Every structure is written in structure tokens, then in C-alpha cells.
Amino acid sequence: MAGFSNYFFALAVLLSLVSTFISDSSQQPLHSSQDSKFLNLTVVHRESAYSSIAREKKLSLEQILKHDTVRFNIFDRFISGASKNGTIEGSLAVSIPAYFGSLFDTNNFVVTIGLGTPKKDFTVMFDTGSDLSWIPCSTCRECEAPKKLLFDPTESSTYSSIRCNSDECSQAQDSSSCSTESNTCRFAISYADGTITEGSIIRDTLTLAPFDVLPNFVFGCSDYYSMKHRAVGLIGLSREKVSLFSQVSQKYGEVFSYCIPSSLSSTGYLAFGRLALPPHIKYTPMLTMPPVVGLLYFVRLAGSKTLPLPPTVFSRTATAIDSGGVITRLPPLAYNALRSEFQKHMTEYTLMPHKFVVDTCYDMSGHKNLNVPTVELLFDGGASLSLDFDGTMIMADDQMGCLAFTATDDMHGGVSIIGNTQQKKYTVVYDVTNGKVGFGSGGCA
Ligand SMILES: *[C@@H]1O[C@H](CO)[C@@H](O)[C@H](O)[C@H]1NC(C)=O
Ligand SMILES: *[C@@H]1O[C@H](CO)[C@@H](O)[C@H](O)[C@H]1NC(C)=O
């Protein structure tokens with residue numbers, strides 16, 4: 001992979017671990033050894049010079065936000081569908097497909113992993129809102145990717161297929177199936193815009209760092225991909241048992257963290273394990289929404305110190321913190337109050353007519369120092385995100401910058417989203433063991 005060292009590996013503690021992924025709940029995590037281990041992968045922007053999967057043509061802000069809205073609508077539909085049949089904490093009312101994904105094109109941050117024996121490196125997106133990891137395979141009919149970006153299981157000595165009647169396969173409900181002629185497990189992930197990817201679910205060795213090898217990693221080997229751009233794999237970080245996070249948690253514990261870089265020239269990281277956590281993290285409770293327990297990570301916004309908002313403004317909606325969402329989506333009351341306060345402090349810039357889902361855009365050309373007011377997102381328990389320019393604005397081009405927030409459709413009390421623009425440069429911690437989400441400033445540049 002293009003001359004860039006993708007791994008920062010610190011503790012070469014090797015543990016031979018027979019993985020009992022997915023269905024074997026009798027196997028307890030190995031707590032004593034987890035505490036001394038962590039793993040640190042480099043995160044770069046997909047379009048950065050360090051990435052081997054940069055697009056030939058960058059997406060426009062309008063395209064990115066269109067995809068982001070599709071992604072949001074998928075989550076919103078699931079969650080509001082669930083909450084309409086009672087309270088949000090209510091009964092199991094929606095059927096979540098076994099393999100849930102969101103639109104890839106918003107997941108602009110990538111890491112490199114190794115698959116197979118001998119190991120082959122792949123640059124993949126990571127997503128807290130996806131469960132099954134998958135990679136485009138050499139059998140892919142329409143992936144439109146050069147061969148070096150495709151995984152060929154027949155070249156790997158450690159690959160094995162998964163039978164239809166296995167526990168791994170029975171995890172799969174409506175969205176997966178069985179190939180009866182070969183008796184192998186299949187998956188399909190479909191997206192709101194009609195695109196789909198499908199393939200076989202297989203096992204092979206996952207190498208996350210030079211001495212860090214996990215045998216029998218379960219993932220999807222995609223042989224069909226209907227999107228008309230270069231296929232790129234993805235690792236899922238949801239709490240569902242099939243996700244990469246759940247599979248590596250036997251080794252590192254149920255905690256991961258990341259930092260999303262603010263520019264194409266800077267790097268962030270994705271780390272697993274408690275030892276990777278920096279000091280000075282402030283936490284907010286991680287909430288559990290029974291209908292969608294493993295799918296997304298939920299937190300609660302705590303209202304505002306400065307905006308005139310009723311205390312109940314955030315209590316009707318679930319708020320998800322999402323690595324793959326781009327902008328932050330707030331209930332209309334909160335967004336409208338934020339927007340009018342923001343505009344009061346932006347009088348030195350010319351407000352532009354809006355075109356996108358973001359409606360507060362300014363002409364910023366000819367300004368040497370870009371000054372925007374600090375926006376602070378407060379969470380229950382005292383955690384907060386204090387947003388500077390990088391966390392507040394999204395650039396449409398060299399000249400036009402837009403407030404990277406919008407309003408949700410509040411008709412049904414669906415979901416609010418904390419997007420990755422707002423998470424930039426912070427260490428974001430997902431501590432599932434202790435049921436909390438944390439933020440630490442200065443995580444990366
Ligand atoms: C509620 O549950 C029923 C079945 O129990 C289902 O048909 C319906 O789609 C669910 N959602 C809503 C909004 O009623
Ligand atoms: C992980 O790597 C980043 C650099 O990419 C570094 O800043 C950070 O301190 C590392 N974390 C640990 C725990 O080593």
C-alpha cells in the first residue's frame with residue numbers, strides 16, 4: 001500500500017486466542033490480559049495523499065450532504081418506527097435486519113487492515129453505525145476496482161467458508177440467505193437509495209498490526225456491488241456481535257476510541273483497548289435503546305446555557321453519536337435557536353442563498369482570519385464538545401462556508417445525530433463496559 005506506514009503498534013503482547021466469535025456466550029472475555037493491551041491504527045481522510053482509495057473526482061458538498069441525509073433517514077426510520085409503537089425505551093417493535101449499513105460515501109475516514117495469509121492490506125472505512133464488516137472480493141462482478149484492491153480468498157491459506165446451518169449464519173435474519181448449492185452463508189446489505197452489496201460470509205485471519213493476528217475473523221466477501229464508483233470495504237464498529245469491534249473485544253476489552261483529523265494533511269487514529277485512552281476524558285452516559293440496542297451509540301444532550309430552549313427539547317428524541325454522519329442534526333427548536341444566535345455573530349460575512357440541507361452559508365472570500373463563534377454541545381454528566389471553526393463550519397468550496405448543522409424532522413420524535421464534523425480533533429471514547437461515551441480535546445490535529 002502506497003508507501004505509508006499504517007500502523008502504530010505499541011505493545012507486542014501476543015496471546016494465542018481461539019476465537020469463539022458471534023454465538024458462544026459461554027466464553028468469558030479475558031480480562032486480565034486485556035488490560036495490558038491496546039492497538040492503535042492511523043486514520044486518514046479518504047481523499048488525503050496517504051490514502052490508497054482516494055476518488056478520482058472528489059464529491060461536492062451537495063453530493064456528500066445528499067448521501068448524509070439518506071444515511072440519516074435510514075436511522076431515523078428505524079428509530080422513529082420503534083418509538084411510535086410506545087416509548088423509545090419501549091418494546092421490540094422494529095425488525096432490524098441482521099446486517100445493517102449506512103451509506104458509505106459519507107464515511108470519509110479510513111484505516112488499513114490486513115486480511116488473509118499471506119496478509120494483504122486493505123484500506124477500509126470504519127463506521128460506528130454498521131455491524132458486518134465487508135471487503136470487495138475478486139469475484140465481484142461490478143466493483144469497478146483494480147485487482148489489487150480486491151480480496152481473493154483462494155489465495156489465502158487461512159480462509160474458510162461458513163456453512164448455512166452454523167451459528168454465524170443463523171445470526172443472519174432477513175437480509176442474509178443461503179446458497180443451497182454450495183451450502184454457504186450469504187449476506188446482503190441494502191441502502192435507502194436502492195444500492196446494494198452482497199456476497200458470502202467468510203472467515204479469515206485479520207491482521208491489525210504486525211504482531212497482532214486474529215484468526216477466524218468473520219466478515220463479508222462482496223461479490224456484487226451496485227454503486228457506480230470504486231468499491232471500498234468497511235469495518236463495522238457497532239455493538240452487534242458480528243461487528244469487528246465485538247470480535248476484537250475478547251482481546252482488547254469492550255472499549256475503543258478514535259480521533260477524526262480536521263484536514264487532508266493530518267492524521268487521526270482508531271484505537272482499541274483501555275490502555276489507549278488519554279487522560280482528561282469527560283464522560284456522558286451511553287444510553288440503551290432496546291429496539292436498536294446494538295446498532296448505534298446513544299447519548300443525551302443536556303440543553304443549553306445560552307440559548308432560550310425549554311429543558312425538554314432533547315428529551316423527546318434519541319441522540320446518536322455517529323462516526324459516519326457528516327453534520328449534526330438537532331430538533332427544530334434547538335437548531336432554529338442555534339442558527340439565529342449564530343447569525344447574530346456572523347454579521348461581518350455575507351449570508352448566501354442556500355441550496356443544500358445546510359441553510360446558513362456565508363461568503364468567506366477575502367477574509368484573512370475566519371472568526372466564527374464557538375458552539376458548545378453539552379451532554380448529560382458534564383461532557384461537552386467545544387467547537388471551533390473546524391467543528392462548526394463545512395466548506396462548500398474555497399469561498400462558501402456553511403454552518404454544519406441542520407434540523408431533524410421533529411414530527412415523530414425520531415433521532416438526532418452528532419456528526420463527525422463536530423467530533424473532529426477530539427478523542428471520542430466508546431466505553432461499552434462502563435456504559436459511557438467520552439470526549440477529550442486535543443486528540444489529533
Ligand atoms: C408497530 O408494530 C406493528 C406490529 O406490531 C407494525 O405493523 C407497525 O409497523 C409498527 N409501527 C408502527 C408505527 O405502528
Ligand atoms: C495513537 O497514535 C497517535 C498518532 O497517530 C498518537 O498521537 C497517540 O498518542 C497514540 N495512542 C497511543 C495510546 O499510543
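If you're wondering where the values come from, they're calculated on a predicted model, not measured in any experiment. Counting starts at 1 for both ligands and their atoms, in listed order.
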Seminar exercise, completed: Within 4.0 Å of some non-hydrogen atom of Asn40, the atoms of ligand 2 are 1 (C), 2 (O), 3 (C), 8 (C), 10 (C), 11 (N), 12 (C), 14 (O)
Problem set entry | side-chain hydrogen bond (donor to acceptor under 3.5 Å, both in side chains) partners of Thr427, counting only residues at least two apart | Tyr269
Exercise. Are any of the side-chain heavy atoms of Thr374 and Phe389 separated by less than 4.5 Å?
Worked result: no
Problem set entry | Partners meeting ring-ring contact (aromatic ring centres under 6.0 Å, His included) with His280 (sequence neighbours left out) | none
Exercise. Has Ala271 got any heavy atom lying under 4.0 angstrom from an atom of ligand 2?
Worked result: no
Exercise. Using 4.0 Å as the upper bound for N to carboxylate O, is an ion pair formed by Asp388 and Lys424?
Worked result: no
Seminar exercise, completed: A student checking ligand 2 against Phe38 at a 4.0 Å heavy-atom cut-off should list atoms 12 (C), 13 (C), 14 (O)
